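For reference, the structure discussed in these notes is given below.
Since the model is a prediction, treat every value here as computed from it, not as a measurement. Only heavy atoms go into these numbers, but all of them, side chains included; no hydrogens, no water, no symmetry mates.
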Amino acid sequence: MSSQITYVDVILPLALPQAYTYAVPIDLVPFVKIGQRVIVQFGKNRFYSAIIKNINHKKPAVDAKLIETIAEEEAIVTETQLKFWKWMSEYYMCTEGEVMNAALPSGLKLSSETKIRYNENYEGDFDTLNEEEFLIVQALRAQQEIKIPQVQDLLKKKNVYPSLKTLFNLSIAVSSEEVVEKFKPRTVTYIKLNEKYEDDEELEKIYAELGRAPKQVELLLAFSQLGKKSKFIRKNELLALSKSTAAVLAALVKRNVFTEFKMEVSRLGNLQTAELDSPELSAEQKTALAEINQHFETKNVVLLHGVTGSGKTNIYIENIKEAIAEGKQVLYLLPEIALTAQIINRLRKIFNTQVGIYHSKFNQNERVEIWNKVLHGEYKILIGARSGLFLPFKNLGLVIVDEEHDNSMKQADPAPRYNGRDSSIVLATLFNAKVILGTATPSVETYYNTERGKFGLVKLDKRYGGIEMPEFVIANIKDDTKWQRMQGSFTSTLVNEVSQALSKKEQVILFLNRRGFANYQVCKTCSYVYKCKNCDVSLTYHKFSHQLKCHYCGYFEKMIDKCKSCVAIDLDIVGMGTEKIEDEIAELFPTAKVSRLDYDALKTKHGHAKVISEFENREVDILVGTQMVTKGLDFDHVSLVGIINADQLIHHPGFRSHERAFQLMMQVAGRAGRKNKKGRVVLQTSDPAHTVIYNVMNSDFKRMYETEIGMRRQFQYPPFARVIEVKLKHTKVQNIEQASLYLANEMRKTNTGKVLGPAIPFVSKINNYYIREILIKSTVDSKKLLQTKHALQQVLDKMKTLPDIKSVSVSVDVDP
DNA sequence: AGCACGCCGACT
DNA sequence: GTCGGCGTGCTC
């Protein structure tokens, strides 16, 4: 029994299909535990920090290496987290290593560095060396130790191994692997008086001795005054208060009067702020809170559907308090952009030092400290962006996902391509914790889940002043074109509505989902369309900068007035963008002040904040913008929203864009209306009968959702189906064609899901890579979904063995 | 992800 | 002829 070797299976922070097994040295056996971070050699000379997944005595098929060391005695990953990682890797079709990569702050992921030294015993000459090798030798002799990136810099190329190998073979240089812990605790230097001088007599003596060094006497005096209460003082503080210098202090340290020592401190600072009582709840809010708690008796997830400004945060605060009172931890997820100082300060004022924050603006060292504080339960509340759900919670009691509809809750790239909302529900289930999803515009899946009773629904539809849903008006572009009633890009209906709103001194938002001036530019003679060199999409004409820009990669060229392809000088600008709308509306309403809010306006004009504040202060009457107008704004005097091209929003290939369009539509529409006054939304469309909005004209959002859900049921999109999106990428089109055909055909054969593609005739090109997506629709039944995934995995594995297409890179996304 | 091995084009 | 490009395969 005791002679058995102990093995550990570890997760390496790499995209590897399986766990790897290492043997544990006999002296480390008593210390290994699951979730512990160990350092292992993987490959010829690389070291990684890995996480122990399980411990056993089964001898692996291949010889196991020994683990190098244990990074820290304590397990920094909990077993719950390991379960969560496993779930995530299976659900989102990636490796556990990739999940680990996303989960751990890189301060906890170490990497080894190859260091190269000059061999001092080398006695030969350098005659056989080439120029590059000699350059390295010179550098080695000057600095005696250099790292690979320095060599790459030196030789100005990436592959430096051949040159180094020559030097190693000739024993001119030697290499060593050094493991670097990235996390460095922050230390502060303190100054202490040597014990000897605590005795007054000795102190007198030293003053006498120092007689001829007045600066040192001064410093010592200052210390004895400052240091009266404690025996040591921070170095910086001492220097600042005594107005002395580091050199003087160093002299005293050298004389052994003072001793320097370092102490680890937290980077996170002391967050003590004035305690603030939590806000008093309004009657509606109290009811909502009671309803949430009532739902929690039978359900784990509740949607808090509250219009903007209904005070959802006040309700969260009460729920957080309850969870904390039970000794549980709370996770509060927000989209990165919504993680503002405002919300953080508010919670900090109430919950003080129990609140931790976790998002991309923290550096790696800070993130490690936060990780540890969550692990040790020092933080009770964690406010974070979606990656916050990877923190090592011990006893999570409540998860709040605010702005649950926000598409930044979904990680697009790289793997794991997970949805923060869905994943946090799974995480909560592992802890038997409750989840509140909060939003003013629920995602369709969430709405559907409340409808069929899976989630509880609590509505908070009263604003403080009370607001009604807007009235929808359809403006038919086709009719107006036929009767020649169009005024530029505007229908007569919209023009009338705008002038009415303006005459009542109300504000207008015009929404168009395309920036720039015009879609594309085409030659009237030869029909040549200006396209991007890199991306194969048409270039957008920007009037302000007089450029043709690619909205995909940012490429731009100067606009010229003659055709690139033939001799003609008659070019046509087709389509419209926000710039053009801005121009046209200004011309139609010359007395109105018009402003524009889109990506370009941020840079060229005066920035986001200024545009918004001008609009809020009613210095601007008409705001033209892209979806930016929907981001966290609340305008009180907007009575009219014009959607310039509703077709574009509704008729869009692929359900993802459809979903986005739907969200957008609701959010834009939600901007209309003011206190006690119904707003109006004008939808310009050339095909009213096929516009979703037609069906819900003059109705409320409930019908909008229902229509959308109906369509999704009909076409089997999420939430009625699961969709696996396979993205193929390669430099050669033929390989993409072959791979996508193969994949689609093989998947059809397995009969585990409906394959959409490669019939989708769309291969995009980004930076020399061709990309094609294939959608595989499976049912919501988790067993069937698993089958589909297995089948897909097999097909992908097999594809890797096919000579012609094996190098095609594949990324898989699962929706939802 | 790295790193080694191996097979084809532009250089001495 | 070789150097060096990157396509391919493996890492406990």
Side-chain angles (χ1 to χ4, degrees), chain A residues 5-25 28 32 38-69 89 94-104 106 108-116 128-134 147-149 151-152 155-166 168-169 175-180 182 413-416 729-732 734-735 738-739 768-769 796-811:
Chain A
I5 302 170
T6 303
Y7 295 101
V8 287
D9 295 333
V10 300
I11 304 171
L12 285 152
L14 302 168
L16 300 166
Q18 336 90 14
Y20 281 74
T21 308
Y22 286 80
V24 183
L28 293 182
V32 288
V38 289
I39 290 155
V40 296
Q41 188 179 29
F42 183 68
K44 202 164 176 292
N45 42 21
R46 279 279 137 176
F47 292 88
Y48 292 92
S49 66
I51 299 291
I52 297 180
K53 197 180 160 180
N54 60 59
I55 302 167
N56 57 51
H57 297 288
K58 275 178 267 166
K59 192 175 167 18
V62 273
D63 274 347
K65 281 183 180 164
L66 287 170
I67 60 175
E68 208 65 24
T69 50
S89 69
C94 65
T95 69
E96 284 183 271
E98 285 169 314
V99 180
M100 173 184 173
N101 241 341
L104 287 189
S106 58
L108 292 174
K109 290 177 275 180
L110 92 198
S111 66
S112 65
E113 275 179 339
T114 307
K115 289 192 170 167
I116 305 129
T128 57
L129 301 184
N130 65 31
E131 203 180 321
E132 288 184 336
E133 287 152 8
F134 190 67
K147 294 168 197 163
I148 301 282
V151 183
Q152 287 168 333
L155 304 189
K156 293 186 181 66
K157 65 176 186 182
K158 237 184 154 191
N159 186 8
V160 295
Y161 292 98
S163 304
L164 287 174
K165 211 174 169 185
T166 318
F168 296 149
N169 288 342
S175 76
S176 63
E177 280 304 301
E178 191 149 313
V179 170
V180 187
K182 284 185 185 161
D413 224 26
K729 189 173 138 185
H730 199 263
T731 48
K732 293 185 197 117
Q734 314 90 274
N735 278 16
Q738 275 182 333
N768 287 329
Y769 280 103
L796 290 176
D797 288 345
K798 209 174 158 201
M799 203 169 92
K800 277 187 202 147
T801 65
L802 299 180
D804 287 348
I805 52 180
K806 60 179 152 190
S807 59
V808 172
S809 89
V810 182
S811 59

Would you please name every residue forming a salt bridge (Lys or Arg N to Asp or Glu O under 4.0 Å) with Lys53(A), sequence neighbours left out?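 For Lys53(A), the residues satisfying salt bridge (Lys or Arg N to Asp or Glu O under 4.0 Å) (neighbours in sequence not counted) are Glu96(A).
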Apply side-chain contact (heavy atoms from CB on, under 4.5 Å) to Ala103(A) and list each qualifying residue two or more places apart in sequence or on a separate chain.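 Checked Ala103(A) against side-chain contact (heavy atoms from CB on, under 4.5 Å); matches are Trp85(A), Phe390(A).
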Residues in side-chain contact (heavy atoms from CB on, under 4.5 Å) contact with Ile55(A), at least two apart in sequence or another chain: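 Checked Ile55(A) against side-chain contact (heavy atoms from CB on, under 4.5 Å); matches are Thr6(A), Val8(A), Val32(A), Ile34(A), Ile52(A).
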Can you find a side chain N or O atom of Arg46(A) that sits less than 4.0 Å from OP1 or OP2 on dC3(B)?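 So the side chain of Arg46(A) is within the cut-off, an N or O lying under 4.0 Å from OP1 or OP2 of dC3(B).
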Full working for side chain to side chain contact (heavy atoms under 4.5 Å, CB included) between Leu12(A) and Val40(A): CA-CA 9 Å; Leu12(A) 285 152; Val40(A) 296; 3.7 Å; yes
Glu98(A): partners by side-chain hydrogen bond (donor to acceptor under 3.5 Å, both in side chains), with sequence neighbours left out: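 By the side-chain hydrogen bond (donor to acceptor under 3.5 Å, both in side chains) rule, Glu98(A) matches Thr95(A).
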My understanding is that only residues two or more places apart in sequence, or in another chain, count here; which of them pass ring pair (Phe, Tyr, Trp, His ring centres under 6.0 Å) with Phe42(A)?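 Here the qualifying residues are Tyr20(A).
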Within this structure, what is the [atom1]-to-[atom2] distance between [X] and [N], rounded to whole angstrom?
X: Lys109(A); N: dG2(B); atom1: NZ; atom2: C1'; answer: 16 Å
X: Glu98(A); N: dA1(B); atom1: CD; atom2: C1'; answer: 11 Å
X: His730(A); N: dT8(C); atom1: NE2; atom2: C1'; answer: 12 Å

Can you name the atoms? Protein N/O to nucleotides 9-12 of chain C N/O, anything below 3.5 Å, with the distance.
| residue | atom | partner | partner atom | Å |
| --- | --- | --- | --- | --- |
| dG9(C) | OP1 | Lys806(A) | NZ | 3.2 |
| dT11(C) | O3' | Gly43(A) | N | 3.4 |
| dC12(C) | OP1 | Gly43(A) | N | 3.4 |
| dC12(C) | OP2 | Lys65(A) | NZ | 2.5 |
| dC12(C) | O3' | Thr21(A) | O | 3.0 |
| dC12(C) | O3' | Lys65(A) | N | 2.5 |
| dC12(C) | O2 | Thr21(A) | N | 2.9 |

